Amino acid sequence: MRRSIATVSMSGTLRQKLEAIAAARFDAIELFENDFINFSGSAIELRAMAADLGLDIDLYQPLRDFEGMPDAVFRRNLDRAERKFDLMQALGAPLMLVCSNTSPLSQGDTERSAAQLHELAERAARRNLRIGFEALAWGRWVKLYAQAWRIVERANHPHLGLILDSFHTLSLRDDPAGIAAIPGERIFFVQMADAPLMSMDVLQWARHYRNFPGQGQFDVESFFEQVLLSGYDGNLSLEIFNDVFRETPNRRTAVDAMRSLLYLESRVRHRLERLRDAADADAAHAGAREAAGRTLPRIELFNPPHEAPLAGFGFLEFGVDEETAQALGTLFEQLGFARVGRHRSKAVTLYRQGRIQLIVNAQPGSDARARFDAQGPSVCALGLEAADPVLAANRAGALLSARYDSPRGPGELRLPAIVAPGGTVVHFLPRAGDETGELDADFVPQPPRADTPSSCGLQRVDHIAMALANDQFDTWMLFCRAVLGLQAGESQELADPFGLIRSCGLANSNRSVRVVLNVSLSQRTRTARQVSATGRAGASVHHIALACDDIFATMSRVRANGVRCVPISPNYYDDLLARLDVDETLVRRMQALDILYDRSATGEYFHAYTEAFADRFFFEIVQRNDYDGYGAVNAAARMASQEQAGAR
Ligand code: MG
Ligand code: MG
C-alpha cells in the first residue's frame, strides 16, 4: 500500500518533519494547514523540498465548517476553497480533506449539505482536484462514517469521496462493520489512529492522546480489515494528534509510525488469508470460488518473516565496572546464585540458579562498560529464548529494529541480536536444555567456592519491569507487540508516595516471557529518578522478578544470607486480614518475611522485594499459583516502604 503520515504527527520544523518522514521511507505526507501557514517558504519551495526527499504531498487538510451552511456563508466558503485550490495546485496536492461541520451556523439538512459538497466537487473537478469528506466524532450533525457516506452518496460527484479515520469511528464505539459495504473506489483516503481507552470528552481525547496503531487499545485491525474488504486500495495514512509526540525526537516517531503500519498490515494480512482460506473451503463445497475471489481483496500488504514464538528469558546481562562487579556478584551469591563460569576472553562472569542465568560484564572497552560509564550499573542486554533465533532477529529487522553485532573472539558464540528502544540489546538464543546452556561454550567452568551459599530455590525469570520516560511508553508498547510478539494486558495507575505510575504488563501466550512497562507521570518518584539516570536512553530495567516454588523457604534463605529486603508495614497485614479471607497463621508467616499477597479469581500471588542495588534496580521474588497479574494492588505498599526504608 501507499504509506503516508500527516505532518501534525511529528515534532520539529516542517523541514525537519519531512526529513524524518523521508528517512523512515514513507511515500507521501498529508500537509496540515498550520504547518504550511507557519512555513517560511513558498508552496513551490515546499513542493521542491518534498520532491527532493522523495515525498509526494497526497492530501491537504483541513477545510473546516464547509457543508450545510446558509447560502450567503456558503458562497464565501466557495471563495475560501478556491484560494486553497490555488495553493494545492502550487503544492501538487491532489486531494483536499473537508471535515464535518462543527459551526453553530450549520444546518443538519442532508440535501443542502450534499448540494454544497457537489458544488465544491464541481469546482475541484475543473482543476482536476478531488474532495474527501470526513466525519469528525464531534461534528455538529455528521459524526459517523455512515452519515458522511449518505451525504457523499447523495451528492453523487466523481470528484467527491469519503475519508475514513479510525479514531472517529472507534472513539464513539461505532461499528466499523458497515465499511466493507461501501464501494472501495468511493473511499478516497484512510487515516489510522489508535488511542488508550479513556472516559473523557472526545475532542480532548482526539487532540491530545491519539497514538499509532498497536500503541493503544482500539481494535484498529478490525477497522482496517473492513476498509480492505470494501476494495479500497488507496493510502494507508497516519494522522496523530498527541502531546507527547509533539516533543519526542521526530526520527524515533517516524520509525514508530512506519513500524506501526508494517505491523498493522501484517496482522490484517493474516486475517484476510484466514478469510480466503475459509472462502476457498466453502467454495470447494458450494462451487462459489469465483465469488470468493471477487469479494476478497488481493492487495499487497507487508509480509514479514513469521513470528518466532519466545520460550523464556535466556539471560540478563549487567554492565558494570570491576568494583561494581564484585558487589553485584556478592548480591547474586546471597540470592543463591552459583558463579559457574568466567568468559574465555573477557572480564565477564556467569551466574546460574535453576534456569536463571545472570551475566556480569565489566570488560573494558565493551558496550556494556560504556553503558556503565554513562548510566551506572544497569541491565545492558537480555537474552530471549526463541524457537528459531535467526527467524526472530530477521523478523525484528523487518519491523525496523537495528541489528547488533558484538565483538567476539575466535570460536565464540554468535547470537543474533537487535537493539531495543533506548539501547538495551536483545539477543535471541535457542531454548536451553536442562543440563547445559548455549552460553557454556564461551565460559570456562569455575570450581565452586567453599564459602558460597547454596541455592535459594529460584527457578526462572518471571518478569522484568522497565522504567520508561514518558515519551518511551508508546514506543515500547509497539516494540513489545510488533517485534517481540507480546500481548498487552490492562493498563493500571499505581500510587507512589510522590506521584502516579502508569503500568502495563505484556506477555507471550504461554506466559514464559513477561515485560511490565512503567512510566512515572511525576518527576519525583523513584521510577522517575531511575529513568533520569539513564539520560537520553529513557529506558532501563528497574526490577527483575525471579520465580520460586516455595517463597517462604526461599525468603528465609535469602534473608539468612544477608540480602536486605524491603520491610512491609504491620498495618498492611492487619488490612489484609480485614480485606480478604486469608488464614491468619499464613498472614503472620508472610509478615515475618515481608511477603506481600494478592489473589485473583483463579489463583494467588506471593511476592517480596530486595532493596535497590545502587538505587538503580531491585529484585522481586515471586511465587505464582495460577495467577496472571503482577500484584499491582500491592505496588503502593512496596513503593511507600521503599521510600521509608530509604529515608531511614
Ligand atoms: Mg482525520
Ligand atoms: Mg513486579
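Counting begins at 1 with the first residue of the sequence. Ligands are counted one by one from 1 in listed order, and the atoms in each one are counted from 1 as well. Since we're looking at a predicted model, the values are computed, not measured.
- Checked for salt-bridge contact, Arg526 and Asp496 miss the test: no charged N lies under 4.0 Å from a carboxylate O.
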Could you give me the CA-CA distance, side-chain angles and deciding distance for Glu239 and Arg210, then say whether salt bridge (charged side-chain N to carboxylate O under 4.0 Å, His left out) is met?
-> CA-CA 9 Å; Glu239 185 207 22; Arg210 286 190 228 192; 3.4 Å; yes

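- Taking 4.0 Å as the cut-off between side-chain N and carboxylate O, Arg2 and Asp233 do not count as a salt-bridged pair.
- Salt bridge Asp65/Arg140: absent, no basic N to carboxylate O contact under 4.0 Å.
- Protein atoms that are N, O or S and lie under 2.8 Å from the Mg ion (ligand 1) are these: Glu134 OE2, Asp165 OD2, Gln191 OE1, Glu239 OE1.
- Between Ala488 and Met477, the shortest heavy-atom contact is CB-SD, 3.9 Å.
- Under the 6.0 Å cut-off for aromatic ring centres, Phe133 and Phe188 do not qualify, their centroids lying 6.0 Å or more apart.
- Counting only protein N, O or S atoms, the number found under 2.8 Å from the Mg ion (ligand 2) is 3.
- A cation-pi contact links Arg638 to Tyr609, judged by a cut-off of 6.0 Å to the six-membered ring centre and 45° from its axis.
- Comment: Lys17 engages Asp35 in a salt bridge, judged by a side-chain N to carboxylate O separation of less than 4.0 angstrom.
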For Lys143 and Ser100, what are the C-alpha separation, side-chain angles and deciding distance, and is it a side chain to side chain contact (heavy atoms under 4.5 Å, CB included)?
-> CA-CA 7 Å; Lys143 295 176 175 15; Ser100 63; over 6 Å; no

